[in-house]
Colleague: 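Let me begin by handing over the structure; questions about it come next.
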There are 2 protein chains.
Amino acid sequence: MKHTYEYPRAALTVDCVVFGFDGGALQVLLIRRGLAPFKDHWALPGGFVRVEETLDDAARRELQEETGLKDLFLEQLYTFGSVNRDPRERVVSVAYYALTKPADHTTAASTDAAEARWFPVTDIPPLAFDHAEIFATALARLRGKLTYQPIGFELLPPKFTLTQLQRLYESVLGTEIDKRNFRKKVLSYDLLIPLKEQHREGAHRPAQLFRFDPVKYERLKKKGFLFEI
Amino acid sequence: MKHTYEYPRAALTVDCVVFGFDGGALQVLLIRRGLAPFKDHWALPGGFVRVEETLDDAARRELQEETGLKDLFLEQLYTFGSVNRDPRERVVSVAYYALTKPADHTTAASTDAAEARWFPVTDIPPLAFDHAEIFATALARLRGKLTYQPIGFELLPPKFTLTQLQRLYESVLGTEIDKRNFRKKVLSYDLLIPLKEQHREGAHRPAQLFRFDPVKYERLKKKGFLFEI
DNA sequence: TTGACTTCGTGTTAAAATTACACATTACTT
DNA sequence: AAGTAATGTGTAATTTTAACACGAAGTCAA
């Protein structure tokens, strides 16, 4: 079936920058393109927006189709509209960034069609289209956002230790943080709930596990809350 | 001439939230629609993106066509993609926000076709489409941005007094600020250049005029500079 | 069982930033 | 010359941030 319009129209796509944290380094999920253009290049997961779905829906649908990931933290990033970003025709892409918890990672591994792989953000391969620019924008946004909204929890498992949270902040922001000051600050927000469990690993003292309180999180977000580590 | 595609495509538009400051209150520029749908309703200036122009270009072009404004501070805001935001067909709109200096205002008044008018942001009429939501998003962004980037100058004339700058911050943020602390803080950034002129008005002591240093401004922006009043 | 090893968990002090607060100055007006 | 109105300026108290070290708790191996 053909669709005809009075004036030429750009194609509309979504592209997603999916971040993950493996405990050591911040990672980004890329897929290998099976088709031209940029066949066999790595690219951000994404695809065309259907005319009867919202942009958010399109992003979630494409993510699930291409990587198997669902139910993750997803926010619109920026819309990229250079005239020649796609060699075939005019394509405008609404970019999103997403944060995944480690439990989701395995799901992502068990993806079907296209090859999907995690890359450390410090070492990503050349990307198709203008995806390098999109990625850079997303990383900058994540860095900025992390310092004034407590979204870091979205990258950790539901139960985590303060050291894990600190490692996350350190690897996203690329800085070292004083342990005592970090704990003091984080706990002062009264956002973390200590669990009765401990995390045992290796030949050393076990660590207290925490989960974060989504109710207080929502309340703070509404106040235009600044998190600042 | 007709244009035909394999799948249906959304129409792509830009909409602009133009802020101005008249010394007292923050204003937004609206135009009255001459055509259906929402004929005679107030709406944000905007229009269709041409297939051979970037999104930024489209926003600037529409602004000039509909309001006469050009060369203003313009940044992409968010892309609105609800399925039924336009009753005619699927329309995705890339929203921008813009800041104008008072000198531009007169230009805006002398617009041609559609009626254009400034409204105080605290008292805007019902808007067409989902423009109320776009406006609210823009105002929130401006408030947020003002507290960590020195974009306030974009709303003032090239020469301004510290009191004018303070009034601007107060009316955008909706708070009162201590005069001495405000001056101390603003001057400490070393971003303002005192002029040899003074601003005389009314039966009282004249005020020192300043301009802001665009070179230092750019340098600070690159550092991921926080302005925070 | 004992000692070595490794990460966890905690408090104080100095420095810096923020907040609160009041009055003399300067020009215009009458 | 006196009245009026906004400008311009400093200090002290409080809060926040930054720097810094060591005992506690568990595992492992001898």
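Quick note: numbers below take in every heavy atom, side chains included, and nothing from hydrogens, waters or symmetry partners. Lettering follows sequence order; numbering is per chain, from 1. Because the structure is predicted, anything quoted here is derived from the model rather than measured.
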Colleague: Other residues, nucleotides and ligands only: do more than 12 of their heavy atoms fall within 6.0 Å of CD on Glu176(A)?
Modeller: no

Colleague: Sort out for me which residue in Val17(B), Leu69(B), Thr100(B), Asp104(B) forms a side-chain contact (heavy atoms from CB on, under 4.5 Å) with Leu29(B).
Modeller: Leu69(B)

Colleague: Any side-chain heavy-atom pair from Ile151(B) and Leu142(B) closer than 4.5 angstrom?
Modeller: yes

Colleague: Would you say Leu156(B) and Phe210(B) make side-chain contact, with heavy atoms under 4.5 Å?
Modeller: no

Colleague: Between Phe21(A) and Arg167(A), is there a side-chain heavy-atom distance shorter than 4.5 Å?
Modeller: yes

Colleague: So Leu165(A) and Tyr169(A), do their side chains get closer than 4.5 Å, heavy atoms only?
Modeller: yes

Colleague: Using atom CD of Glu228(B) as one end and atom P of dT18(C) as the other, report the distance to the nearest whole Å.
Modeller: 7 Å

Colleague: Counting any heavy atom closer than 4.0 Å, what does Thr163(A) reach on the DNA or RNA strands: base, sugar-phosphate only, or nothing?
Modeller: sugar-phosphate

Colleague: The test is side chain to side chain contact (heavy atoms under 4.5 Å, CB included); show your working for Val18(B) and Val28(B) and say whether it passes.
Modeller: CA-CA 5 Å; Val18(B) 183; Val28(B) 64; 5.7 Å; no

Colleague: Which part of the nucleic acid does Gln208(A) contact within heavy-atom distance under 4.0 Å: base, sugar-phosphate only, or nothing?
Modeller: sugar-phosphate

Colleague: If you walk 5' to 3' along DNA chain D, what is the first nucleotide with an atom under 4.0 Å of a heavy atom in chain B, and what is the last?
Modeller: dT4(D) to dT11(D)

Colleague: Between Phe80(A) and Tyr78(A), does the ring centre distance come in under 6.0 Å?
Modeller: yes

Colleague: What is the separation between atom CG on Leu165(A) and atom P on dG9(C), rounded to the nearest whole Å?
Modeller: 13 Å

Colleague: When you measure from the side chain of Glu170(B) to the backbone N and O of Ile177(B), does any donor-acceptor pair fall under 3.5 Å?
Modeller: yes

Colleague: Over its full length, what angle do the end axes of the helix from dT1(C)-dA30(D) to dT30(C)-dA1(D) make, each axis taken from five pairs and the result rounded to 10 degrees?
Modeller: 0°

Colleague: My understanding is that only one of Arg183(A), Lys179(A), Gln208(A) makes a side-chain hydrogen bond (donor to acceptor under 3.5 Å, both in side chains) with Thr163(A); could you say which?
Modeller: Arg183(A)

Colleague: Can you label the angle between the Phe212(A) ring and the Phe153(A) ring as parallel, tilted or perpendicular, going by 30° and 60°?
Modeller: parallel

Colleague: To the nearest Å, give me how far apart CG (Leu162(A)) and P (dT7(C)) are.
Modeller: 16 Å

Colleague: What is the distance, rounded to the nearest whole Å, between atom CG of Leu187(A) and atom C1' of dC8(C)?
Modeller: 13 Å

Colleague: Anything under 3.5 Å between a donor and an acceptor, one on a side chain of residues 143-150 of chain A, the other on a protein residue two or more places apart or in another chain? List them.
Modeller:
from      : atom 1 : to        : atom 2 : distance (Å)
Arg143(A) : NE     : Val172(A) : O      : 2.6
Lys145(A) : NZ     : Glu75(A)  : OE1    : 3.0
Thr147(A) : OG1    : Gly144(A) : O      : 2.8

Colleague: Just say parallel, tilted or perpendicular for the rings of His131(A) and Phe129(A), cut-offs at 30° and 60°.
Modeller: tilted

Colleague: With a 4.0 Å heavy-atom cut-off, tell me which residues in residues 173-184 of chain A come close to DNA chain D, sorted by residue number.
Modeller: Asp178(A), Arg180(A), Asn181(A), Lys184(A)

Colleague: With a 4.5 Å limit on heavy-atom distance, are the side chains of Tyr97(B) and Leu139(B) in contact?
Modeller: no

Colleague: Pairs under 3.5 angstrom, nitrogen or oxygen only, protein versus nucleotides 3-6 of chain C, please.
Modeller:
from   : atom 1 : to        : atom 2 : distance (Å)
dT6(C) : O2     : Ala203(A) : O      : 3.4

Colleague: Which residue, Val92(A), Asp57(A), Leu55(A), Val94(A), forms the side-chain contact (heavy atoms from CB on, under 4.5 Å) with Val49(A)?
Modeller: Leu55(A)

Colleague: Contacts to DNA chain D from residues 142-151 of chain A, heavy-atom cutoff under 4.0 Å, which residues?
Modeller: none

Colleague: Please work out whether the ring planes of Phe135(A) and Phe19(A) are parallel, tilted or perpendicular, with thresholds of 30° and 60°.
Modeller: tilted

Colleague: When the nearest nucleotide of DNA chain D is assigned to Pro206(A) and to Leu209(B) on a heavy-atom basis, which residue is associated with the more 5' position?
Modeller: Leu209(B)

